[in-house]
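Written out below as structure tokens is the structure these notes cover.
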Amino acid sequence: MLGLSEVPRRTTEDSLDAAAALAAAQQARYALSQDGIAPSVSRILEVMGRDSKGYPLGNGPKDLLAHQAACQLLPDEV
């Protein structure tokens, strides 16, 4: 378990994966915003199992694409 002063070690691969997840979330938000309402990038990442910088949360990332995560956050159509 990490203490407050300890920082988890992240590899270049981890950073590239986080950057790709963040970019995908931004792209999904932009695409949905063209049609109207779109969830925030941070909410999309959260549904994907990632933090606001794109790194995996506790149990690791979910096997979910950014667009799928964003669509889950949209209100149901009536």
Side-chain angles (χ1 to χ4, degrees):
M1 185 155 169
L2 297 176
L4 292 176
S5 63
E6 297 179 43
V7 176
R9 291 182 186 236
R10 294 193 169 126
T11 64
T12 301
E13 186 177 324
D14 293 339
S15 295
L16 290 174
D17 185 48
L22 180 58
Q26 290 171 333
Q27 184 176 19
R29 184 185 193 294
Y30 176 78
L32 289 174
S33 71
Q34 300 304 300
D35 295 328
I37 191 168
S40 69
V41 170
S42 61
R43 285 289 294 137
I44 295 169
L45 288 167
E46 185 179 322
V47 171
M48 293 172 66
R50 295 178 175 273
D51 69 12
S52 62
K53 294 181 181 179
Y55 289 100
L57 293 172
N59 295 343
K62 298 177 183 170
D63 190 21
L64 192 63
L65 298 175
H67 185 74
Q68 294 169 326
C71 287
Q72 286 183 9
L73 294 168
L74 294 176
D76 292 332
E77 305 248 355
V78 177

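- Other residues, nucleotides and ligands contribute more than 12 heavy atoms inside 6.0 Å of the CD atom of Gln34.
- Under the 4.5 Å side-chain heavy-atom criterion for Ile, Leu, Val, Met, Phe, Trp and Tyr, Leu22 and Leu73 are members of the same hydrophobic cluster.
- Nearest heavy-atom pair, Pro61 versus Pro56, reported as atom, atom and distance to 0.1 Å: CD-CB, 3.3 Å.
- Summarising the geometry of Leu45 relative to Ser52, their closest heavy-atom pair is CD1-O, 3.7 Å, with the distance given to 0.1 Å.
- Among all heavy-atom pairs drawn from Pro39 and Leu74, the shortest one is CD-CD2, 3.9 Å.
- Of all heavy-atom pairs between Met48 and Ala66, the closest is SD-CA, 3.6 Å.
- When every heavy atom of Arg50 is checked against every heavy atom of Ala18, the shortest pair comes out as NH1-CA, 4.3 Å.
- Taking every heavy atom of both residues into account, Ala21 and Gly54 meet most closely at CB-O, 4.1 Å.
- Leu64 and Val41 fall within the same hydrophobic cluster, defined by Ile, Leu, Val, Met, Phe, Trp and Tyr side-chain heavy atoms under 4.5 Å apart, directly or through other members.
- Annotation: side-chain hydrogen bond (donor to acceptor under 3.5 Å, both in side chains) contacts of Ser40 (sequence neighbours excluded): Ser42.
- Partners of Asp14 by side-chain contact (heavy atoms from CB on, under 4.5 Å), not counting sequence neighbours, listed by chain and number: Arg10, Thr11, Tyr55.
- Put simply, the side chain of Ile44 does not reach to within 4.5 Å of the side chain of Gln27, judged on heavy atoms.
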